[in-house]
Structures are given as structure tokens and as C-alpha cells.
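One structure is given here, and the rest of the page talks about it.
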Amino acid sequence: MSKLQPARGTRDLFGEDMRRMQKVIDTFRQTGLAYGFEDLATPIFEFTEVFKRPLGDASDIVSKEMYTFTDRGGEEVTLRPEFTAGVCRAFISNGMQQNLPCRLMSHGPVFRYERPQKGRYRQFHQINAELLGPADPEADVDMLAFAWRILKTLGISKDVVLHLNTLGDVESRAAYRDALVTYFSAHKDKLSEDSQRRLTTNPLRILDSKDEGDRVLVADAPNMSQFLNEASLDFFNRVKAGLEAVGVPYVHDERLVRGLDYYTHTAFEFVTSQLGAQGTVLAGGRYDGLIAQLGGPATAGIGWAGGIERLSMLLAEDPGTPRGTIVLPMGDAATVKAFAVAEALRDAGHLVTQDRSGNLGKRLTRAAKANARYAVILGDSELEKGVAVVKDLDSGDQREVALAELAASLEA
RNA sequence: GCGGGUGUAGCUCAGUCGGUUAGAGCGCCAGAUUGUGGCUCUGGAGGUCGCCGGUUCGAUUCCGGUCACUCGCCCCA
């Protein structure tokens, strides 16, 4: 094993891993186009403030997971730990409120300093979608239908359950938070060490604690639904009705909360049981106050992010590479002529490689291993006749074809 | 950040109760088969046994540290 390792929690992506991830990205983009989304690429680093303010100083991401450094000009910058804050910053910077609604899709690497595990890396990749402008619950339904269609297209929807909850509007959420703090404070000595900390950092998180002692207390804790005001309740009911109308299955999970401060109303996670502790595969929610908080015009928003590595691990099989044609020139004259033959095939839309080394048997072996569909054998004797031998690598059949008819004789 | 497991060939793994040349399967290369693959047979290349240190006459093996991966917690995609 070489001493040259990639930095902890990072890895090189190639071969099957890369193909699987690329399939997730391709499916995401194709589906996004069908829902009217446009591509957006924001920088992978921003001024630290862009992430610090919306995520909240108390969040783990800000307090201990960000790759933050001072650049040579003395600026405090941070490698993005998520997409939403940067997308909202771009929305403000570019005056996109002139053009609502904004449907923006992005994908790429994000960075968090965490202890790596399977499905959890320090540099990982997300697909991300944000819908800015609409404040109606039907917009949430649209976003969930979009996500669900990706999972269906990837063939992994059967492995995933949508957990849905509402955090209510700012007023409801604050009231609930106060009630939880009051309730849990009365039992503080019985809470786990982690949850005692959460009491100040993020009390909602106590609700999904895995500690058995905590769970006993949680069972009798007040429910969010008791604290929803009329508007929040109506909002959530319309989201649920919409999901039923559009045919996206879900479970209402009262204990689902989100770690980030900017969420309001709808919160959701698509969860799988197949990735151990890293079961959340795509998640998001509504964040109506975020853009204003960043200093932009008050604009509603809802979005989600999916972990490309995690999604790609659920794919049943290697997507493979497209099958093509391989041109095998035998002899000096053929080697020169092969370029014109290959280019003409590419002009006609074929996928073409050449193999010039080794004897014919060697080359056919490699062609079979590369899963090529056809071999075009071009020897000096064929050249004299203006033909090539086309070998079907599945059936083994082969025949001579005039060079002018070569492209038409191959199935695309 | 906390607790546990693992680290031997490109891959999956045996093995050495501390002792001379560390093995298998798959993969790779070559030949049998001078321009016809996927099968078969034969041969070959490839390892400072993760790294550093300690104990020992001697360490891949025991001990410590470290790095990486991995399981759970935390957190999250």
C-alpha cells in the first residue's frame, strides 16, 4: 500500500463509483429540467459570514465542522458545508427577485470536518434544489414530487421512506421551543449528557435522541401539533393533501426536526435503512426567513439537498458505460486511414475508440473486456478493396462492408 | 469530539503458537493459437505483511504510538 494517501475523509472518484455518482447527477438534472429548474453554480467557498449567520453559531456545522481559513488577503472564508446559504447569497447578489419564481438546481462538492464513516466523508457531494418566491404549501408539494421522481427514476424509491413534519411558523416554533425547554428542564437530571447540552443548543433535537432514558421522557413531552397556530396547521394540512393528490407516500414523523436554524413549516427527510447510521439520503425544508436574514428582500423559499454518495450506494447495479465501436487498424497504411474512418463514424453519431497495439487476438480481447459492440478491422488488404471487416462482438459474426457504407451498417 | 473493530499482492482473503525463499483465488502479462475475443492449459511479474518506535539473538507475528478505513454515539446528505 502506498504512503501517498488522500487526506482523511476524501477519496478519488473513478470507475464504478464515478459512474454511479454521475448517474445520480444526470438523473437529477434531467428531472430538474422537467420541473422547470435552471442550473446554478455558486463558488465552493464564500465569506464565512454567509454560512455562519443562517446556520446559527450553536449548530455543530458552524461550531466545529466548517473548513474555515484566512486567505492571503486577510479575508475569512469557508468551504461550503451546504448549498442553501450560498444559493440565497447568489439570489441576493444578482437581483434575482426581479424574476420570481426562481427554480435553481446545483450540484457539487461540500465540505464538513467530521469523523468519516461509510457514506460520510469530509468532502462529499450533493444535488441541491431551491425554489425561491412561492410561499404556498403547494410549492412544497412540487419540491417533494420532484425529489420523489428522482428516487423513482433511480429505482431506489422502494428502499426509502419520506418522513414529514412541520416546525410551524416562527411564532409556533418559538412557542413550542419554550414549552419543550420548560418540560425538559423540569427533568434535567434524568436527561442524557448530550440532551442536557441540547437543552441550550437545540432543544428540538432532544425529540429524536437515541438514548433510552431520553426516549421515556420524550414519550410524554408536548407535541408540536399542540402548538401550531391556525395558519401553520392549515399550511401543513395542505402539504399533506397535496402529497396525496400527487401520489407521494409519506409518514408524519412528529419527532423529525432539522439541525439548522433557518427552517420553518415543512421539514422532511427521505430515509433508508440500508446505510446504517447514515440513513438520510435527501432532506430539506422551508426557510421563509433566510433571505431577509441575509440582508435580501423578504422572499419565501424551500429547498432540499441529496447526498450523491449515499444515493449512488443504493443503486442496484453499476450503470456501466455506453457500448461503442472499436477500430482496429492492422498495418501502417491502415493506421493512417483509420483516423478518417473513426472520425466519419463519430460524425454519424457513433462512439468510437481505436486500438493500435498488439496482435489482433490481443485487441479483440481488450475490445470484449471494454464491452464494445463492434470491432471494425481495417487491414492493408481490406484497404486495397475499399472495405473493412465489421465484427459483431456479441454474435461473433463478421462481414466485409464498403467504407462508404460503414456508418450506416452499424446500429447506433 | 467519545467508545469499539480492522489494516498481509491491483481486488477478496488465508497464514506465521516470534525463526531460512509469506500463500490462494480473481485480475494482470506472455506462450500454446504469424490477422480473429469471451473457454482451456502452461509459465511469469507483482508484497520493506499501513507507518514509527519498543521488547528480543531475531518482529509481518508481542507491546506502545500513529495514520487510514470501519461500526455505534454526536451531527448530518
Side-chain angles (χ1 to χ4, degrees), chain A residues 1-11 15-16 24 55 58-66 80-84 107 109-128 147 160 192-195 197-198 201-202 205 208-212 214 256-260 268-272 275-284 303-314 326 328-331 334 355 358-372 374-382 389-398:
Chain A
M1 201 164 295
S2 168
K3 285 178 186 171
L4 276 181
Q5 298 176 328
R8 187 174 201 197
T10 69
R11 56 186 194 143
E16 181 173 351
V24 172
L55 294 172
S59 73
D60 274 38
I61 290 183
V62 170
S63 60
K64 57 186 198 195
E65 293 179 3
M66 294 205 306
R80 65 182 174 208
E82 56 120 39
F83 272 88
T84 302
H107 64 88
V110 293
F111 305 85
R112 290 183 199 170
Y113 187 87
E114 295 184 277
R115 183 148 172 181
Q117 279 181 38
K118 193 201 312 192
R120 178 208 261 190
Y121 307 97
R122 289 184 171 181
Q123 174 177 337
F124 63 105
H125 299 78
Q126 290 186 332
I127 52 176
N128 186 83
V160 169
S192 67
E193 202 175 312
D194 282 327
S195 286
R197 176 178 50 77
R198 285 187 273 231
T201 59
N202 192 348
R205 268 283 171 210
D208 68 353
S209 171
K210 284 160 189 158
D211 181 85
E212 284 191 25
D214 288 350
L256 169 66
V257 295
R258 310 254 57 219
L260 310 181
F268 54 88
E269 293 185 3
F270 289 87
V271 179
T272 179
L275 297 177
Q278 282 70 242
T280 300
V281 112
L282 187 153
W304 50 249
I308 297 176
E309 283 86 351
R310 292 182 186 179
L311 289 165
S312 70
M313 281 189 281
L314 294 180
I326 187 156
L328 308 178
M330 311 298 295
D355 186 345
N359 61 34
L360 185 55
K362 189 75 37 200
R363 300 193 211 186
L364 286 169
T365 301
R366 279 195 293 260
K369 183 172 303 180
N371 197 30
Y374 298 103
V376 172
I377 302 164
L378 192 63
D380 289 340
S381 57
E382 283 85 11
V389 171
V390 173
K391 186 178 179 75
D392 181 322
L393 290 169
D394 288 345
S395 65
D397 298 339
Q398 62 182 56

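- Put simply, the side chain of Gln117(A) and the base of G72(B) share a donor and an acceptor less than 3.5 Å apart.
- Between the side chain of Glu382(A) and the base of G35(B), at least one donor-acceptor pair of N or O atoms lies under 3.5 Å.
- Between U34(B) and G23(B), the two C1' atoms lie 38 Å apart (nearest whole Å).
- Residue contacts for Ala367(A): at a heavy-atom cut-off of 4.0 Å it reaches no nucleic acid atom on any strand shown.
- The side chain of Asn359(A) approaches G35(B) more closely than any other nucleotide in the set C73(B), G37(B), G35(B).
- When heavy atoms are screened at a 4.0 angstrom cut-off, Leu393(A) is found touching base atoms of the nucleic acid.
- Looking at Arg120(A), its side chain comes within 3.5 Å of the base of C74(B) through a donor and an acceptor atom.
- Here Gly331(A) lies out of heavy-atom contact (under 4.0 Å) with every strand.
- For C69(B), its base never sits under 3.5 Å from the side chain of Arg8(A) at any donor and acceptor pair.
- Among the heavy atoms of the strands lying under 4.0 Å from Gly9(A) are primed sugar atoms or P, OP1, OP2 only; no base atom is included.
- Counting only distance, with no hydrogens or angles, the side chain of Arg112(A) and the backbone of Pro81(A) share a donor-acceptor pair below 3.5 Å.
- Using a 4.0 Å heavy-atom distance criterion, Arg198(A) is classed as a sugar-phosphate-only contact.
- Look at the P atom in both U70(B) and C13(B): the space between them is 14 Å, to the nearest Å.
- Closest to the Arg205(A) side chain, of the nucleotides C75(B), G1(B), C76(B), is C76(B).
- The 5' end of RNA chain B is approached more closely, in terms of each residue's nearest nucleotide, by Gln398(A) than by the other of Ala277(A) and Gln398(A).
- Rounded to an integer number of Å, the gap from Asp397(A) CG to U36(B) P is 17 Å.
- Between the Arg80(A) side chain and the Pro109(A) main chain, a donor and an acceptor come within less than 3.5 Å of each other.
- Of the listed nucleotides (G72(B), G37(B), C76(B)), C76(B) has the atom at the smallest distance from the side chain of Arg112(A).
- Residue-level contact check: Gly276(A) touches the backbone only, with heavy atoms under 4.0 Å from sugar-phosphate atoms and none from bases.
- With C73(B), A77(B), U36(B) as the candidates, the nucleotide lying closest to the side chain of Leu364(A) is U36(B).
- Residue contacts for Gly119(A): at a heavy-atom cut-off of 4.0 Å it reaches a base atom on one of the strands shown.
- Searching all strands for a Watson-Crick or G-U wobble partner of C69(B) with both distances below 3.5 Å returns G5(B).
- Note on Tyr121(A): a base of the nucleic acid sits closer than 4.0 angstrom, heavy atoms only.
- Expressed to the nearest 0.5 Å, how far OG1 of Thr272(A) lies from CD of Gln278(A) amounts to 11.5 Å.
- When heavy atoms are screened at a 4.0 angstrom cut-off, Ile377(A) is found touching base atoms of the nucleic acid.
- In the interface, the side chain of Lys391(A) is paired with the base of U36(B) through a donor and an acceptor atom under 3.5 Å apart.
- One N or O donor and one acceptor, one from the side chain of Arg115(A) and one from the base of G3(B), sit under 3.5 Å apart.
- Going from the C1' atom of G15(B) to that of C75(B) covers 41 Å, rounded to whole Å.
- When the nearest nucleotides of RNA chain B are assigned to Gly361(A) and Val281(A) by heavy-atom distance, the more 5′-ward of the two goes with Gly361(A).
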